[in-house]
A.B. asks: 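Structure incoming, see below.
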Amino acid sequence: MNDDSMSSDLALQQALRQLARDEPPRRTLWPRIARSLPPRRSSWPLAGALVPALAASVLVVCGLGLLLPMALAQASAVPGAATLREAMLQLDGAQARLAAAQRLQPHAAYLTELRVHYSLQRAALERLLQGS
Amino acid sequence: MRFPAGVASDADSEAVAAAAAGSRTAFATLYRRHAARVHGAVLRLCGYDPIQAEDVTQEAFLAAWRSLPSFRGDSAFATWLYRIAVNQALATLRAQAVAVAGGCVDEEVPFEPASCPAERSELERAVASLPPRARSVLVLHDVEGWTHDDIARSLGITAGACKAHLHRARAMLRARLE
């Protein structure tokens, strides 16, 4: 490459364009990369949506486990219609979340059991409401 | 922009889907197909510094692995990967400039030239001796075939500033070759 050919932009650009070629890395690079690859969180495509839904359902269940006995006790002590309706609304919300989780994991037996359990509790509340 | 066509996207689609689902073997296949092209572009941007180029190439492939599940195939995999690698290289050069010159990447600020191996050609060594910003613009425009608009977007500068950088980079390169 002589100086004269470099004197024009065109010649310089043509020479530079010749530099655009593949340059294989050393063979040791792939083992380095392979060792550093983090594991996928899960290879199951639904997992990304399922995990938050299940976490939400567990939180709902834990919350209801604490709140419902209190609501029922309160309802039996003071059988106000407003209190009973509020407890039923909470149950309906929980049921909706459980249904969403169950759509993602239709074979989860514990979700079915929970839905049945809360259906029975809702029926009990309805009976209380009718009697109040 | 003259992005690499690489291997036809149809040939990659199966390996891309498998790698996105977690197959390291499929990702190794993609690496074998595209590493030379990606590493070539990174090596030029890094001033033919082999150590830095391998580090950047490694980071680019790791970033691609992490992002593969969200790769929607709007562009060819080769193009997507190439953009990740170039952005990684530019980020590395920016970080280097911050470390060396307090964030200033202007040509007047002293900088540590890339450690270009002696066996490289005269032109390659001259490119390697350019300051990071000048080298980035020159390599992306004159070697990789990017437009000023694309370079400006990647570097966060205006197209006018990009043209000015290129003009100055060519002048510096000519001076080094004389």
A.B. asks: Looking at every non-hydrogen atom in both residues, tell me the closest pair between Ala20(A) and Val143(B) and how far apart they are.
C.D. replies: CB-O, 3.4 Å

A.B. asks: Counting only heavy atoms closer than 4.5 Å, note whether Arg44(B) contacts chain A via side chain, backbone, both or neither.
C.D. replies: side chain

A.B. asks: Would you compute the distance between atom CG of Leu12(A) and atom CG of Leu138(B) and round it to the nearest 0.5 angstrom?
C.D. replies: 7.0 Å

A.B. asks: With a 4.5 angstrom heavy-atom cut-off, which part of Ala60(B) approaches chain A: side chain, backbone, both or neither?
C.D. replies: neither

A.B. asks: Could you tell me whether Glu54(B) and Arg32(A) have a side-chain N and a carboxylate O separated by less than 4.0 Å?
C.D. replies: yes

A.B. asks: Under 4.5 Å heavy-atom distance to chain A, tell me which part of Arg66(B) shows up: side chain, backbone, both or neither.
C.D. replies: both

A.B. asks: In terms of heavy-atom pairs under 4.5 Å, which option from Thr28(A), Leu29(A), Leu37(A) contacts chain B the most?
C.D. replies: Leu37(A)

A.B. asks: Begin from the C-alpha positions of Leu19(A) and Asp142(B) and carry the test side-chain contact (heavy atoms from CB on, under 4.5 Å) through to its verdict.
C.D. replies: CA-CA 9 Å; Leu19(A) 299 183; Asp142(B) 283 354; over 6 Å; no

A.B. asks: How far apart are the closest heavy atoms of Glu23(A) and His39(B), and which atoms are they?
C.D. replies: O-ND1, 2.6 Å

A.B. asks: What part of Val127(B) gets closer than 4.5 Å to chain A, counting heavy atoms only: side chain, backbone, both or neither?
C.D. replies: side chain

A.B. asks: Between the side chains of Arg21(A) and Glu124(B), is the shortest nitrogen-to-carboxylate-oxygen separation below 4.0 Å, so that they form an ion pair?
C.D. replies: yes

A.B. asks: Go through Pro38(A), Ala34(A), Pro25(A) and name the one with the most non-hydrogen pairs under 4.5 angstrom from chain B.
C.D. replies: Pro25(A)

A.B. asks: May I ask you to name which of Ala36(B), Gly40(B), Ala53(B), Ala41(B) has the most heavy-atom pairs under 4.5 Å with chain A?
C.D. replies: Ala36(B)

A.B. asks: With side chains defined as the heavy atoms from C-beta onward, is the minimum distance between Ser36(A) and Trp65(B) less than 4.5 Å?
C.D. replies: no

A.B. asks: Select one option (side chain, backbone, both, neither) describing which atoms of Ala28(B) are under 4.5 Å from chain A's heavy atoms.
C.D. replies: both

A.B. asks: Is there a donor-acceptor contact under 3.5 Å from the side chain of Trp30(A) to the main chain of Tyr31(B)?
C.D. replies: no

